[in-house]
Amino acid sequence: MIAITIKELYTDTEKYLNQNILINGWVRTVRASKSFGFIEVNDGSYFLNLQVVYNEKLANFQAISRLGAGSAITAVGLLVESPGAKQPFELKAASVEIQGLAAPDYPLQKKRHTFEYLRTQAHLRPRTNAFSAVFRIRSVASFAIHKFFQDKGFVYVHTPIITGSDAEGAGDMFRVSTLDFSRLPRDGKGTVDFTRDFFGKETNLTVSGQLEAEAYCMAFSKVYTFGPTFRAENSNTPRHAAEFWMIEPEIAFAGLTENMDLAEAMLKFIVGYVLENTPEEMSFLNKFVDKSLLKRLENAINTDFVHITYTEAVEILKKSGQQFEYQVDWGIDLQTEHERYITEKHFARPVFITDYPQEIKAFYMRMNDDGRTVAAMDLLVPGIGELIGGSQREERPDYLQKRMDELGLNKEDYWWYLDIRRYGGVKHAGFGLGFERLLMYLTGMANIRDVISFPRTPKNAEF
RNA sequence: UCCUCGAUAGCUCAACGGUAGAGCAACCGGCUGUUAACCGGUAGGCUGUAGGUUCGAAUCCUACUCGAGGAGCCA
């Protein structure tokens, strides 16, 4: 017999009802009586379980009744309508074959566990309801991102994970090396001789694919990256990880307005796609993880995002009458408390803040005509804060070089990045979206460690 | 990295200076439609680690380790 997935049973019930079927899966719980019992089975194809009813006529009745959570079984029998209220149908077992026993010390219980404990069981937590929901949504959201960009004619670019430049400026980097750390080669002055290293120079894991994406943007007009990113920052917060995934679209012949339109359309598409394709998961999360989740997401889809400038944001904060821990003043970067006030209290929906002072933004952002702000945009969303950071890029070689000089960047390291401006450089813009932060927004999960399969954070690379 | 809080049975927690407990899980038994199944029983602990105060420490003090929240850095 061919195995039917539990998802097929739920989506095509009429086809399988009163038919003999075979299913595989893992036991979530067994409720046994003297002469009959119930097994809840989940095969991972669907969020919901299948209830298998068995009785003492089965030769291995005793063994089945003793099955612990986590065990794997194959059940064959008739799919019938269930008299119970909690499931539409159930499997009347003609046979239950034990495929893999779970030892009695199986670390997951039927009872609710804390997310902190489940992090210590990262290899087993995908078998729980919450993580089953989160990681299916992660998969569906990944697909939605590709679908959104591919349908719009964007080219997916795989930018390098190992980079030869340590000067991208987006944070501390992890070194990549094959040198023997206990016997480092040194030059005459006693410094490490990286010409003896694998690549003949210092190399690191990427902190952003943006600069490389810009090069491909000048060939394909519309590109995006979607890949792993690494930051060696000692950040201990629920929103930071050392290894995470980032989406970085880049569009040519376009400025900040088109960039924001793209970001808004993308976010709305992904939210809509996930709501439509994972209703059981979303409903579970809304019930047990964040009771305002669905309301917030539907609100995001159905309202236009707010657009204000940094200068306007500062004015709003100053007039708010709120007591902030940090003083608000033009020229100072907005603090988390300021961002949260604007997106959660003042507007209560996603907000783009644009045109920040040049001093607090990256070197590649395009100088505005006022000579003191740059064409940057941050998208703030309720519950998360900064979800997207982007800008129109400085395409004018003289402006770009002047800015690099001011910041003391070594232009030789960026020779190819400057080349892009010399050879048919045009107006272009792009943004970076932290995929895990998007998932936190989509699922209501409060900690980034709970939307990454095996999270890497300072002092933690277990698994 | 800074600030705050926490660490007691496999899990979730109680005991707050005087013999360390409960629920769930495990194990044994009962139960003819269960749904976090239910009912009865058994076993389970050098109270995160190392010092200190005290007649006596899970409880008070110090350091460290790990975890959580806030801040910074950012996505």
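Excluded from the calculations below are hydrogen atoms, water molecules and symmetry mates; all remaining heavy atoms, backbone and side chain alike, are included. Naming: A, B, ... by sequence-line order, numbering from 1 per chain. Everything quoted here is computed from the prediction, not taken from an experiment.
- For the atom pair CD1 (Ile353(A)) and CD1 (Ile342(A)), the distance works out to 4.0 Å, reported to the nearest 0.5 Å.
- With C1' as the reference atom, C5(B) and U42(B) are 38 Å apart, rounded to whole Å.
- Side-chain contact check for Glu337(A) and Tyr326(A): no donor-acceptor pair (N or O, by modelled atom type) lies under 3.5 Å.
- Using atom P as the reference point in both C31(B) and C39(B), the two lie 16 Å apart (nearest Å).
- Across the P atoms, G48(B) and U59(B) are found 8 Å apart, a figure rounded to whole Å.
- Nucleotide C24(B): paired with G10(B) (Watson-Crick or G-U wobble, both distances less than 3.5 Å).
- Applying the 3.5 Å distance criterion, the base of G23(B) shares no donor-acceptor pair with the side chain of Lys110(A).
- The closest donor-acceptor contact from the side chain of Ser35(A) to the backbone of Glu56(A) lies at 3.5 Å or more, if one exists at all.
- Look at CG on Asn55(A): it is 14 Å from C1' on U34(B), rounded to the nearest Å.
- Remark: C31(B) base-pairs with no nucleotide in the shown strands. Criterion, Watson-Crick or G-U wobble with two distances under 3.5 Å.
- Residue contacts for Gly432(A): at a heavy-atom cut-off of 4.0 Å it reaches the sugar-phosphate backbone alone, with no base atom in range.
- Comparing the P positions of U34(B) and G29(B) gives a spacing of 24 Å, expressed to the nearest Å.
- Side-chain atoms of His240(A) and base atoms of C74(B) include a donor and an acceptor less than 3.5 Å apart.
- Pairing of A50(B), defined by two Watson-Crick or G-U wobble distances under 3.5 Å, is identified with U62(B).
- Although no hydrogens or angles enter the test, the distance criterion places a donor-acceptor pair under 3.5 Å between the side chain of Asn286(A) and the main chain of Leu294(A).
- Across all strands shown, A36(B) remains unpaired; no Watson-Crick or G-U wobble contact has both distances below 3.5 Å.
- When Glu8(A), Glu280(A), Arg136(A), Lys7(A) are each tested for a side chain to side chain donor-acceptor pair (under 3.5 Å) with Tyr46(A), only one passes: Glu280(A).
- The base-pairing partner of U4(B), taking Watson-Crick or G-U wobble contacts with both distances under 3.5 Å, is A68(B).
- Within the 4.0 angstrom heavy-atom criterion, no nucleotide atom of any strand lies near Glu436(A).
- Atom CZ of residue Arg456(A) and atom CZ of residue Phe463(A) lie 9.0 Å apart, to the nearest 0.5 angstrom.
- Rounded to whole Å, atom C1' of A71(B) lies 16 Å from atom CG of Leu334(A).
- Looking at heavy-atom distances under 4.0 Å, Ala241(A) makes contact with a base.
- In this structure, NE2 of His338(A) is placed 12 Å from C1' of A71(B), rounded to the nearest angstrom.
- With hydrogens and angles ignored, a donor-acceptor pair under 3.5 angstrom links the side chain of Gln51(A) to the base of U34(B).
- Here Glu337(A) lies out of heavy-atom contact (under 4.0 Å) with every strand.
- The pair Asp329(A)-Lys318(A) meets the salt-bridge criterion, with a side-chain N (NZ, NE, NH1 or NH2) lying under 4.0 Å from an Asp/Glu carboxylate O.
- Nearer the 5' end of RNA chain B, as judged by each residue's closest nucleotide, is the contact made by Pro107(A), out of Ala32(A) and Pro107(A).
- Residue whose closest nucleotide on RNA chain B sits further toward the 5' end, between Phe435(A) and Glu90(A): Glu90(A).
- Taking a centre distance below 5.5 Å and an interplanar angle below 30 degrees as the stacking criterion, Phe244(A) stacks against the six-membered base ring of A75(B).
- Heavy atoms of Arg449(A) sit under 4.0 angstrom from primed sugar atoms or phosphate atoms, though from no base atom.
- With rounding to whole Å, Leu379(A) atom CG is found 18 Å from C74(B) atom P.
- One P atom belongs to A15(B), the other to G45(B), and the distance between them is 22 Å to the nearest Å.
- With hydrogens and angles ignored, a donor-acceptor pair under 3.5 angstrom links the side chain of Asn236(A) to the base of U1(B).
- U53(B) and A63(B): their C1' atoms are spaced 15 Å apart (whole Å).
- A distance of about 8 Å separates the C1' atoms of C60(B) and G17(B), rounded to the whole Å.
- Using atom P as the reference point in both U65(B) and G23(B), the two lie 38 Å apart (nearest Å).
- At a threshold of 4.0 angstrom between heavy atoms, the contacts of Leu387(A) are confined to the sugar-phosphate backbone, with no base atom among them.
- Counting distance only, with no hydrogens placed and no angle test, the side-chain atoms of Arg112(A) and the base atoms of A36(B) include no donor-acceptor pair under 3.5 Å.
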